[in-house]
Peer 1: 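I have a structure here, written as structure tokens, and I will follow up with some questions on it.
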Amino acid sequence: MMQSIQNEYRQRLGRLRRRLGESGASALVVTHSPNIFYLSGFLGSAGILAVEADRTTLLTDGRYMTQSREQARGTGIRVQIPQAPILRAAGEFLAAGKGRSRRVAAFDPDHLTVAAKGELARAAGRAVSWVAAHGWVEELRIIKSPAELAKIRAAARLISEVCGQVIQMIRPGVTEIDLAAEADYRMRKLGAEGPSFETIVASGWRAALPHARPTTKRLRRNEFVVLDLGAILAGYCSDMTRTVYVGSASKRLKGWYRAVLEAQQAARDAVAVGATTGRPDAAARAVLDGYGLGGYFIHSTGHGLGLEVHEAPRLAKGQKGQFEPRMVVTIEPGIYVEGVGGIRIEDDVAVYEGKTETLTTTPREFLEI
Ligand SMILES: [Mn+2]
């Protein structure tokens, strides 16, 4: 097991090196911690990974001496614990690198503040010039290895279990925060490292806010409750949403729920190797438009899922990318009606050649409590 994960780090670094070689840069400076984890297994809050053609170096500080050496063992990655602050040390490291006298360092502007970049560049001096490398590691992360798929599946199973348990606790009088606390507690009890984002419990008119934070509002009869939950397990995220009704719903509201469910099913059916990543969104929108509800669908249909809860690809209107085997995405259409409430149904879907697998398993049928 240990051997195979170390081979994965080597393979990932190999792919990144090919890209580095094509770009003409002599080093890539990786500063975003999920990317560092993906390439090296290092899980510290302070670290910079310098990837060069013939070596990879992790610069971190004394707090992570033991951890970093342990996590890097067998990967071929060298660990350095510099005396100087890490950005200055990384800049000096890049300037001292072997090879050509003038060095080109690639960095991702999405993951380096202007101040941090300034410090790096000052320490590196005139020996190093800088070139932007947007999303190089994120592009690798889109396609999951079998081991990663197994971890995301386990995180999805875990959150499905939690969701089922929390639905059992829904009744008039309980507060949104109560339910959110139960969700977070149950994730931990089932072995999760924690929630993958701040748990959403939104009831009544508040369910019309797609990213509502739980409040002390008590659930009442005759309102929708949206539960949007995600867990991190073994480093990997899940993300799912269920909407239930407290009381017995009118025909109109039942119709809305059925429309969202049909849209969600159509979007899941539209996920296929070779289809564009815009297709699920178009499928969901077509269904909701057919019911006259398209105007209430105010966000995109989904996103990639992995080490981060929102990662590439985006499943939005007009996206031209293509689904490839071993991507994992969320499918989450919803409608939001101001003053009334909202309905969202979200599942995690893995893509394979000729088929898909819905990883989240909590039932989706309309539920009145
Ligand atoms: Mn989501």
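Counting starts at 1 for both ligands and their atoms, in listed order.
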Peer 1: Can you tell which of W256, Y257, F224 makes a ring pair (Phe, Tyr, Trp, His ring centres under 6.0 Å) with Y245?
Peer 2: F224

Peer 1: Does the shortest distance from the Mn ion (ligand 1) to an N/O/S atom of D228 fall below 2.8 Å?
Peer 2: no

Peer 1: Report yes or no: does T277 contribute a side-chain atom to a donor-acceptor pair with the main-chain N or O of Q322 at less than 3.5 Å?
Peer 2: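 No; judged by distance alone, with no hydrogens or angles, the pair does not exist.
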
Peer 1: For residues Y296 and Y336, establish whether the separation of their ring centroids is below 6.0 Å.
Peer 2: no

Peer 1: What's the OE2-the Mn ion (ligand 1)-OE2 angle here (E346, E332), rounded to 10 degrees?
Peer 2: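 That angle works out to 80° after rounding to 10°.
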
Peer 1: With ring centroids as reference points, do F197 and H310 lie under 6.0 angstrom apart?
Peer 2: no

Peer 1: Round to 10° and report the angle made at the Mn ion (ligand 1) by NE2 of H303 and OD2 of D239.
Peer 2: 90°

